[in-house]
Amino acid sequence: MDGNGRWAEMRGQPREAGHKAGSAAVRRIVRISRRLGIDALTLYAFSEQNWGRPPGEVDALMGLLHEYLLSERDEILENGIRLVAIGDLSRLPPFVREVLDPLRDASKINGRMTLALALSYGGREEIARAAQDLAKDVAQGRLDPNAIDVEALAARLPSLSVGDPDLIIRTGGEQRLSNFLLFGAAYAELAFSDVLWPDYTENDLFEAIACYQKRERRFGNVGKGALSNPEAIVTSPIMGA
Ligand code: IPE
Ligand code: MG
């Protein structure tokens with residue numbers, strides 16, 4: 001969800017105003033995602049690296065997160081949404097944990113959609129933590145090092161508890177992942193939108209999904225057409241694509 005700061009700067013407003021408008025976009029997109037029947041929506045709300053922003057901006061973001069969790073609590077519960085959080089939650093201020101933790105708990109039996117908030121999240125940090133977990137298990141004799149494979153590592157990544165992401169959308173015009181879902185992103189489809197996050201609407205999401213639906217996902221294999229013609233597999237000039 002990128003572009004809040006620029007949205008505000010364009011209007012001659014402080015960056016915090018952009019984050020406030022961004023939280024209205026979160027409400028819109030969560031609501032429509034639930035209506036569309038999306039299984040899981042992971043929102044990159046705050047990265048590990050975002051702690052380095054000016055303290056006033058960090059405080060404003062934490063305040064908005066607190067406000068969001070309070071104001072959306074009923075809607076989340078009434079709509080069967082399971083709220084989870086991924087990232088280093090120990091860094092979040094207590095006043096955020098005080099609303100976040102009870103909502104995670106109260107919503108854990110819900111099954112209509114999982115809303116995962118990435119808070120103090122970093123894809124590299126997540127992988128490093130999983131590696132640490134695996135190493136501890138090996139050191140304590142609970143795990144055979146030869147059993148460490150892609151699945152074993154993926155099983156330790158909280159971001160993949162909802163499965164691999166199918167589509168990763170980045171708004172705000174930049175074309176990079178910025179440490180989001182790195183392991184799960186291996187075969188995710190990527191969509192980049194120039195729309196600044198506060199302006200992102202239901203229609204923008206529909207367009208991204210429609211574009212996703214037209215793509216052919218090959219996961220390093222050959223396309224469906226090629227499979228029906230075995231010779232095409234041998235002669236395909238595109239290796240590893
Ligand atoms: C993204 O908007 C919101 C968060 C990181 C929480 P930015 O604040 O990065 O907005 P720009 O990139 O400066 O426009
Ligand atoms: Mg940005």
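Both counts, for ligands and for their atoms, begin at 1 and track the order of listing. Just so you know, residue 1 is the first one in the sequence shown, and it goes up from there.
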Asker: Indicate the ring-plane relationship of Phe219 and Tyr187, choosing parallel, tilted or perpendicular according to the 30° and 60° boundaries.
Answerer: tilted
Asker: Run the numbers for me: atoms of ligand 1, each under 4.0 Å from some heavy atom of Gly5, listed by number.
Answerer: 7 (P), 8 (O), 10 (O), 11 (P), 13 (O), 14 (O)
Asker: Between Arg218 and Glu216, is the closest basic N to carboxylate O distance under 4.0 Å?
Answerer: yes
Asker: Show your working on salt bridge (Lys or Arg N to Asp or Glu O under 4.0 Å) between Arg156 and Glu126 and close with a plain yes or no.
Answerer: CA-CA 9 Å; Arg156 310 274 173 140; Glu126 184 185 34; over 6 Å; no
Asker: How long is the gap from OG on Ser159 to CD1 on Ile86, to the nearest 0.5 Å?
Answerer: 5.0 Å
Asker: Among side-chain atoms of Ser90 and Arg97, is any donor-acceptor pair under 3.5 angstrom?
Answerer: no
Asker: Before you tell me yes or no, could you show the steps for Leu41 and Val30 under side-chain contact (heavy atoms from CB on, under 4.5 Å), namely the whole-Å CA-CA distance, both residues' side-chain angles and the distance that decides it to 0.1 Å?
Answerer: CA-CA 8 Å; Leu41 175 70; Val30 169; 4.0 Å; yes
Asker: What residue and heavy atom of the protein are closest to atom 2 (O) of ligand 1, and at what distance?
Answerer: Asn4 N, 3.2 Å
Asker: Can you sort out which atoms of ligand 1 are near Ala45, meaning under 4.0 Å from one of its heavy atoms?
Answerer: 6 (C)
Asker: May I have the step-by-step check of side-chain contact (heavy atoms from CB on, under 4.5 Å) for Ile127 and Leu182, ending in yes or no?
Answerer: CA-CA 8 Å; Ile127 294 168; Leu182 294 185; 4.3 Å; yes
Asker: Flag the pair Asp39 and Arg112 as a salt bridge only when some basic side-chain nitrogen lies within less than 4.0 angstrom of an acidic carboxylate oxygen.
Answerer: no
Asker: Quick one: do Arg31 and Glu75 make a salt bridge, cutoff under 4.0 Å?
Answerer: yes
Asker: Which option, Arg53, Arg15, His19, Glu9, owns the non-hydrogen atom nearest atom 13 (O) of ligand 1?
Answerer: Arg15
Asker: Would Thr201 and Asp204 count as having a side-chain donor-acceptor pair, cut-off 3.5 Å?
Answerer: yes
Asker: Close to the Mg ion (ligand 2), meaning under 2.8 Å, how many protein N, O or S atoms are there?
Answerer: 1
Asker: If you take the nearest heavy atom of each of Leu64, Leu119, Thr171, Asp2, which one is closest to atom 9 (O) of ligand 1?
Answerer: Asp2
Asker: Checking Arg11 against Trp7: charged group under 6.0 Å from the ring centre and within 45 degrees of the axis?
Answerer: yes
Asker: Can you tell me if Ala8 has a non-hydrogen atom under 4.0 Å from ligand 1?
Answerer: no
Asker: Could you identify the single nearest non-hydrogen protein atom to atom 1 (C) of ligand 1 and state the distance to 0.1 Å?
Answerer: Met1 O, 3.0 Å
Asker: Just to check, does Gly172 reach to within less than 4.0 Å of ligand 1 when the distance is taken from its heavy atoms?
Answerer: no
Asker: Given that the side chain starts at C-beta and the backbone is N, CA, C, O, which of these parts of Leu196 lies under 4.0 Å from ligand 1, counting heavy atoms, or is it both or neither?
Answerer: neither
Asker: Considering only heavy atoms, does Ser47 approach ligand 1 within less than 4.0 Å through its side chain, its backbone, both, or neither?
Answerer: neither
